[in-house]
Peer 1: 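Have a look at this one.
Keep in mind that this is a model prediction, so the values were computed, not measured. Only heavy atoms go into these numbers, but all of them, side chains included; no hydrogens, no water, no symmetry mates.
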Amino acid sequence: MKDTSLTDFYQDWLIEVAQEEGGFRMVCYSPSRQQLSDRTLHPHDFEALRAARKLIDQRLVCYSLANLLRDWYESDLLSFDEWRSLNQSLLTLTKTS
C-alpha cells in the first residue's frame, strides 16, 4: 500500500492501514506473508484497524477449527465424509471473509 498512515501488529500479523480518496483501506499480513483484506473503504483509520483485527480473529478461529477437525478425524471421531464436509465449510468461510 502507498502512504501507509497506520501500521500495527495483532496476533503476530502485520496490519497496514492506508488513506485513500474517500476513506481508509487495510491489508493484513501473516508471519508467512499471507495477505488478507476486506476490500472495504472505511471512513476512519480506527475502523479499518478494528476490521483488520476482526478479520485476523476470524482467520485464526478457522485455522483452530480445521486443526480440531483433523484431530477428531485422526482419532476416528469423525468419518471421512463428515471431516470433508466440515472442512469444506471452513474453506468456504475463509474464502469469503
Side-chain angles (χ1 to χ4, degrees):
M1 288 186 142
K2 294 182 180 179
D3 300 323
T4 300
S5 60
L6 178 63
T7 302
D8 196 14
F9 287 94
Y10 181 72
Q11 302 287 348
D12 294 329
W13 288 63
L14 171 68
I15 301 171
E16 293 181 346
V17 176
Q19 187 170 12
E20 296 183 5
E21 187 175 323
F24 295 85
R25 291 204 193 270
M26 59 82 166
V27 177
C28 309
Y29 299 96
S30 75
S32 63
R33 299 299 291 168
Q34 178 187 7
Q35 183 176 329
L36 293 177
S37 177
D38 67 358
R39 299 184 182 137
T40 302
L41 193 59
H42 301 276
H44 303 285
D45 58 352
F46 65 88
E47 289 178 10
L49 185 59
R50 183 177 25 210
R53 290 177 176 164
K54 182 179 177 181
L55 191 60
I56 291 167
D57 285 341
Q58 289 173 341
R59 184 57 53 101
L60 293 176
V61 166
C62 288
Y63 286 157
S64 295
L65 287 171
N67 287 332
L68 178 65
L69 291 174
R70 187 189 66 236
D71 289 345
W72 286 354
Y73 171 69
E74 291 174 355
S75 299
D76 293 325
L77 297 172
L78 290 176
S79 70
F80 176 74
D81 289 336
E82 290 169 327
W83 170 81
R84 183 179 56 197
S85 177
L86 292 167
N87 200 55
Q88 187 62 42
S89 295
L90 285 175
L91 290 175
T92 301
L93 179 63
T94 59
K95 288 178 184 175
T96 59
S97 64

Peer 1: Which distance, rounded to the nearest 0.5 Å, do you find between the CG of L86 and the CG of L68?
Peer 2: 10.0 Å
Peer 1: For R33 and L14, what are the C-alpha separation, side-chain angles and deciding distance, and is it a side-chain contact (heavy atoms from CB on, under 4.5 Å)?
Peer 2: CA-CA 9 Å; R33 299 299 291 168; L14 171 68; 4.3 Å; yes
Peer 1: If you compare all heavy atoms of V17 against all heavy atoms of M26, which two are closest, and at what distance to 0.1 Å?
Peer 2: CG2-CB, 4.1 Å
Peer 1: Is D12 atom CG crowded by more than 12 heavy atoms from other residues, nucleotides or ligands, each under 6.0 Å away?
Peer 2: no
Peer 1: Can you name the closest pair of heavy atoms from L41 and G23 and give their distance?
Peer 2: CD1-C, 3.7 Å
Peer 1: Shortest non-hydrogen contact from S30 to W13?
Peer 2: N-CE3, 3.3 Å
Peer 1: Is it the case that R70 places NZ or CZ above or below the six-membered ring of Y73, under 6.0 angstrom from the centre and within 45 degrees of the axis?
Peer 2: no
Peer 1: With rounding to the nearest 0.5 angstrom, report the CG to CG distance, N87 to L91.
Peer 2: 5.0 Å
Peer 1: Can you find a heavy atom in the side chain of D57 that is under 4.5 Å from one in the side chain of Y10?
Peer 2: yes
Peer 1: Where is the tightest heavy-atom contact between A51 and D38, given as atom of each residue plus distance?
Peer 2: CB-OD2, 3.8 Å
Peer 1: Considering only heavy atoms from C-beta outward, does the side chain of K54 approach that of R50 to under 4.5 Å?
Peer 2: no
Peer 1: Any chain of hydrophobic side-chain contacts (each under 4.5 Å) joining I15 to F46?
Peer 2: no
Peer 1: Using every non-hydrogen atom in the two residues, find where E47 and H42 come nearest and quote the distance to one decimal.
Peer 2: O-ND1, 4.1 Å
Peer 1: Does S85 reach the main-chain N or O of D81 with its side chain, forming a donor-acceptor pair under 3.5 Å?
Peer 2: no
Peer 1: How many angstroms lie between CZ in R39 and CZ in R25, if you round to the nearest 0.5 Å?
Peer 2: 10.0 Å
Peer 1: Please give me the minimum heavy-atom distance between F24 and H44, naming the atom from each residue.
Peer 2: CD1-C, 3.5 Å
